[in-house]
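The model shown is predicted, which means the values in this text are computed figures rather than measured ones. Protein chains get the first letters and strands the later ones, always in sequence-line order, with residue 1 at the start of each. When reading the values below, keep in mind they use all heavy atoms of this one structure, side chains included, and skip hydrogens, waters and symmetry mates.
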Amino acid sequence: MSMKRNSWKEYQKEIAEDHYYYARSCIRQNFFPGSEAAFLRILQENLSKDIFDDPRHTSCTGIGYHSDIVPLETIMTVVARQFSLMNAAGYENFASSCITSFGIYTEILETWNEFPETEERTRENLWKATKREFVKPKNLAHTSDIIFHFREEIARQAKYRLVNARTGEPLKGVEHIGCHYAKIFPKSGVGGAEFPYVLAGMIESWGGEVVDYPERRHCCGFGFRNYLVQANRGYSVANSQKKFESMAPYKPDFIVCNCPGCTMFLDKWQYTIAEMEGTTYGQDGIGIPVLTYEELAGLVLGYDPWDLGMQMHQVNVEPLLDKMGVRYDPEAKYLGKNGKFIGAPREAAVNCFSGERLYRIQR
Amino acid sequence: MSKKVIIVGGGVAGMQAALSLKGQGIDSVIVEKSDRLGGKLCDWHKLFPTFTPASEVLGPLKEAVERAGVEVRTGAEAERIAPDSVLLKSGERLSADAVVVCSGFDLFDARIKEEYGYGIYDNVYTTADIERMMNEGAVALPGGHAPRRIAFLHCVGSRDEKVGQRHCSRVCCITGVKQAMEMKTLFPQCEVYNFYMDIRMFGPGYEELYRQAQEEYNIHFVRGRISEASPTFDGRLQIKAEDTLVGRPLKMSVDMLVLIIGMRAGESNGRFAQCPGVGCASNGFLAPADLFSGSVLSPVEGVFYAGTVTAPKNVGESMSEGAYAALRVAEYLGARS
Amino acid sequence: MNFYDGFIIPFVVGCAVLFTVVLYKYVRWFVRLPAADKRLVRRNFFSMQTLRGIGEVFSECLLHRRIFRVNPLLGYMHMSLAFGWFLLIVVGWIETIAYLGGRLVPIHGHVFFKYFSTSLPHHPVWGIDFSSVMDALLLFVLSGVLLAWFKRLRSRAMGLRRTTKHTLGDRVALSALWFVFPLRLLAESLTSAIFHNGGFLTGAIGDALAAAMPLRTLSTLESSAWWLYSCALGVFFVSMPFSRYMHIFTEVPLIFLRRWGIRSGEKPKSFDHFQLEACSRCGICIDPCQLQRDAGFNNVQSVYFIRDRRYNMLRPEVADNCLMCGRCEQRCPVGLDLNTLRLNSRSRLHDTPSDRRYDYTAGIDRSSGTGKTGYFAGCMTLLSPKILRAMERIFNASGEEVWWADREGGVCCGRPLKLAGETNAATRMMRYNEELFRRHGITTLVTSCPICLRVFREDYRLEGIEVLHHSEYILRLAKAGRLQIEPGEELFTYHDPCELGRGCGIYEEPRELIRCAGKLVEPAETREEALCCGSSVANTALNDLGQQRIARSVGASLGETGADAIVTACPLCKKAIARGTDRPVYDLAEVVERHLA
Amino acid sequence: MIQWGYTINQPRAVNLDRNDLTAARRIIRQMPELQACIACGSCTATCTAGNLTQFNFRKVHTLVRRGEYEGAYEEMNKCMLCGKCRLVCPRGINTRGVVMLIKRELGEY
């Protein structure tokens, strides 16, 4: 890993110390609803930072853009509005929770940089639509950059570490980086595009061991159009499957992603593959838990897994919790904030030990 | 009063220029930044396409330079050049009647192509590493065992806009073929794959060697550039490419990945180009006065070029240019006196 | 008189094995003949063909007339052994009968007559000195044996550059054969040394021996010599049906079956056995083979191919490596259908059911033009646009309206596939083209490719359509006055394409046309003896280097004529020879076109 | 039973680790010149069969050399063995021999 750090040094990225304007992610807040709350809590409570969660900001419309529904001019105007809101709130450090959005922001900023006339047109459009003006952010970071930035502080406050509580061995983590994080502009990611360090750094700081497996760089398969069109989903799931097959020999204890889409697909496709083919990739014949980095940080800081929303995962996270020695109440998994039972999913092949499958696997 | 010529760089072109000048009764001083003559050829094992040991070319040349009594200043790096002087890094200024720039090229640093993992994974090598290992007499994997499968990747640092190297380095294709054959000879059971974008066999006997490599050495040539190398569970490397000739992605694991690194313009070219009139071509190599009759002339009278300082060349071409530059220097000096 | 002695056992056993095996083989092959072949036998058994067969057996099996044509010395060698031995047997029997009348004599009686007849008075019977006649015959045979030994040392003197490399079995049989007659001479001489019953040869040697050693030594030696003679015969007879010497008998039924009209076909059948085992491995096919003399292959010639096939060890490398030029077939003294045998071997190795193959040709018709005369360029002509253009000009000049079958690409004629052994699949392509020709209602089909020509003539069902090679067609136009060919001064030499010459028997028409346009000089090997260009589509095993070597040698031989240009009448030959010569190579059509008035 | 509406796509990559190269090696051993193919494509351009169907000789033998045998036999069966490809091949490869060889070695695929 030492050499990788050398390569990472060439991709130093400036990350603001404090005062962030928070832009939420459509997917993250829907599928991992505890994650963004946890992020805010970590920054505000554990790190004592100022972060503004603005109720007026909107989706960046990235999914629409990548599905050819939203034109470039429109999305630029939407992005300009977000910046304008940030200005209005008195912030200049923009923190995006979503990798797709992050990619959109970096791409648009770079476009404006290369083609100033585009920026001018966007200003006109924004003015026409909302009578607003905007100043570009001083610092743009993905929220995983921010967690990475404070990873040592989090390590200091850690209640649990990424080590096997029983054996003391480091847990093996697969880090998966969203494509739009640094593959568009290597300089926009911590560690560059080939050996991104943003998640690897977290895992290492918190006591775990990073797995470098052959398909590490491969896309999770979301690919927007691949997933959004039902007939194309076979391509989407095939990509995830390729990654799972490649990582399985290393026996990883968990997967951590910085892109909400990747987290969702690496989690849910494991369920799909297990149901369709009967294949699971984790230890003991079950799936590999997939976490957002907020959840990982939250666990390390000793947050309750059910407060982190980890009951919403398709692949059960209990094996990881047990390994880390996290104390949790199994009975409380499906209880809502008000203590009422919120309903439990049916057993799925991905969570069953091999040989005791509840379902007949269709081939 | 006898004229003095300063030759910047003591590689094959510089040495040949000095010898040819001597043959015409002109004294020269070779200014060499390293501590020995010979340039990059010192680190090379055998030369394409004949597998002639590099020492067989270099040895006689060095001896001749010594016999001819050419003044050689090693450990002296030129900082600036002018038609009438050369300023050394040390601050010393050497005056001259003419300057021949033979400062050669730099090898492309394969670390820049991060995706191939050079310097990150132990079993990624460059062609220069292979030559070094051949010279040391031991080509082996880190674990000491013989490779079962080797992949050579052509055009690393050549014809690649992403690393600012648009030009073709010319000699790497044949180097890749030569080394593939050498590896096959060392490890007959080993499968050797060469991944290429185009195969450019420009020299005499090169195409024949290419064919021999294919037909007699059973070296597999796959048209497609490797996109990335990643470690596998058993400590090998997985490489991915497209087999463009069948239009399908291809992947395989290998024990060794050899990056066939290209020639990039010498780092000193920029400094030399500060001499008024001297300039670099868009690829960073020094631009000669013209590409035909003036290939060894700079646009500035009194400054001459020879060898790879102007473009990628092979050993023979560099030496020919050394001799030709000497001829043009002699004409220049003769006309001035 | 008693005809028993211990030493006769090897001979008798040998004979028994020989006749049992030979009989078993013949009955088996005969029974397995296809019904159609059997019908031919029944129909032609009582015909002149049978009588002619007897004549042929005499002239070929005994006199070896065809080998005389290759080389008189070689012919004499074969004749002395075969005819000489035959006479020894016949005269031997006559001698036995002359001395003993109608008395029943065992099979070995005449063979060892000298030994057993010592008690009989030694004088001429019926006015014939049998001892001397038999001695003369033995001398005749021995002269052949001597030549055989000589041939081992200096085959070139007997017209053979190379001789056959023999198998172990052949070597055993051959050695036994070489010893049979010298041993007979020795044994008879020893007997006559004791009993003074020899002729001019054995008697003379016997007298010399009698003078040289005591009687006891003589009688010990005599007994040993007869034992050895019998053993040599026994060994030879046992090995005979399993070695090349099976041909001695097999050529006889082969001659009759062939006379009755049975031929090998594109699929293997029982008759092939008669052909395979009638091969004497004389090796005459080796020298004409260009793969041997130019490309350095020493194990693929017909003799080896037949040997390998006979012993079930035929590999595709051997079966496929043949140009099928027919040069060896032309020379084979046994007259074997070497190409057909090669073809049906390939068919057994490569042919596959072809239910759906070439279905993609259905409905394709890229032909153009209208006319009662159709022109089929063939794949190779399509790669030689000069020929195509020349043909077009010739058609225009003669005012012929032409239907162009495949100028825009068509379906291959099927012969290359057939030659490769894929006869079933080839048939599908043939049916396609037949249908195409019929659909366009042509009455004459012209092709400039002899490969296509041959398959059109041999395998296509084209009743009502006359198939012509362009050489025949152009000559016909010229003779009818529809083309004016102006004579020139250029000196041409002509290369006979295999498929056109040996294949279709067209030798004269191209030459006549060339003579219309210039002067013609013949190369050393020409017409039936013409060389192959080396690029024959029949060979799927020969690599490029081999093809080039043959082309260079053909080019050299054509160049030796001193001609200004080489003319051929096959697009493939044209391309092949052009690689092996620095002289211009033209197709016949190009030559005619250039001399059109 | 879940109606997925799709199935998992199989990877298209030629995987040289999984492909059984035994037959490919056998073919190359018998016809080493096949390795000298520089993929100029003139064989396919002139191909009689290739002008009537999708048959691509160059592609098929390249795939075979990579251990992708499936369908090679059927593809090669489209060849008419006319020999034009052999005449145009700049590397002098015995293309017809290659067709026969691949059919012989890969009949069972």
**Q** What part of L21(D) gets within 4.5 angstrom of chain B, counting heavy atoms only: side chain, backbone, both, or neither?
**A**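 For L21(D), side-chain heavy atoms alone lie under 4.5 Å from chain B.
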**Q** Does NZ or CZ of R91(D) fall inside the cone over Y210(B)'s six-membered ring, less than 6.0 Å from its centre and within 45° of the axis?
**A**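 R91(D) over Y210(B) ring: yes.
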**Q** For D243(B), run the side-chain contact (heavy atoms from CB on, under 4.5 Å) check against E68(D), R65(D), K59(D), R66(D) and tell me which one passes.
**A**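 Single side-chain contact (heavy atoms from CB on, under 4.5 Å) partner of D243(B) among E68(D), R65(D), K59(D), R66(D): R66(D).
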**Q** Please state whether the side chain, the backbone, both or neither of I28(D) comes within less than 4.5 Å of a heavy atom of chain B.
**A**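 For I28(D), the side chain is the part near chain B, not the backbone.
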**Q** Flag yes if more than 12 heavy atoms outside Q54(D) fall under 6.0 Å of its CD atom; otherwise flag no.
**A**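 No, because the 6.0 Å sphere around CD of Q54(D) holds 12 heavy atoms or fewer from other groups.
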**Q** Which answer fits V222(B), side chain, backbone, both or neither, if we ask what part of it has an atom under 4.5 Å from a heavy atom of chain D?
**A**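 Looking at V222(B), backbone and side chain both touch chain D.
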**Q** Which pair of non-hydrogen atoms, one from I219(B) and one from Q35(D), has the smallest distance, and what is that distance?
**A**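 Between these two residues, the closest heavy atoms are O-NE2, 3.7 Å.
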**Q** If you look at every heavy atom in A36(D) and E215(B), which pair is closest and at what distance?
**A**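 The pair with the smallest heavy-atom distance is CB-OE1, 4.1 Å.
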**Q** Please classify the contact between R223(B) and chain D as side chain, backbone, both or neither, with a heavy-atom cut-off of under 4.5 Å.
**A**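 Answer is neither: R223(B) stays 4.5 Å or more from chain D.
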**Q** On a heavy-atom basis, which atom in G247(B) and which in R12(D) lie closest, and how many Å separate them?
**A**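 Closest approach of G247(B) to R12(D), heavy atoms only: O-NH2, 3.0 Å.
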**Q** Pick one of side chain, backbone, both or neither for R18(D), based on which atoms fall under 4.5 Å of a heavy atom in chain B.
**A**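 Neither the backbone nor the side chain of R18(D) comes within 4.5 Å of chain B.
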**Q** Quick one: of M31(D), R29(D), E33(D), who has the most non-hydrogen atom pairs under 4.5 Å with chain B?
**A**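 The answer is E33(D).
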**Q** Please report the closest heavy-atom contact between A39(D) and L245(B), naming both atoms and the distance.
**A**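 Here A39(D) and L245(B) meet closest at CB-CD1, 3.3 Å.
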**Q** Report yes if some heavy atom in the side chain of M252(B) is under 4.5 Å from a heavy atom in the side chain of V14(D); otherwise report no.
**A**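 Counting from C-beta outward, M252(B) and V14(D) never come under 4.5 Å.
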**Q** Go through it in stages, so that I can follow the logic: the residues are D17(D) and K251(B), the test is side-chain contact (heavy atoms from CB on, under 4.5 Å), and I'd like the CA-CA distance, side-chain angles, deciding distance and then a yes or no.
**A** CA-CA 8 Å; D17(D) 293 340; K251(B) 69 174 181 181; over 6 Å; no
**Q** Quick check on R58(D) against chain B: is it the side chain, the backbone, both or neither that has a heavy atom closer than 4.5 Å?
**A**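 Just its side chain gets close to chain B.
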**Q** Applying side-chain contact (heavy atoms from CB on, under 4.5 Å) to E191(B) and R25(D), what does each step give before you reach the verdict?
**A** CA-CA 11 Å; E191(B) 283 187 325; R25(D) 291 194 189 108; 2.8 Å; yes
**Q** Before giving the answer on side-chain contact (heavy atoms from CB on, under 4.5 Å), spell out for Y193(B) and L16(D) the whole-Å C-alpha distance, their side-chain angles and the decisive distance to 0.1 Å.
**A** CA-CA 11 Å; Y193(B) 286 81; L16(D) 285 179; 3.7 Å; yes
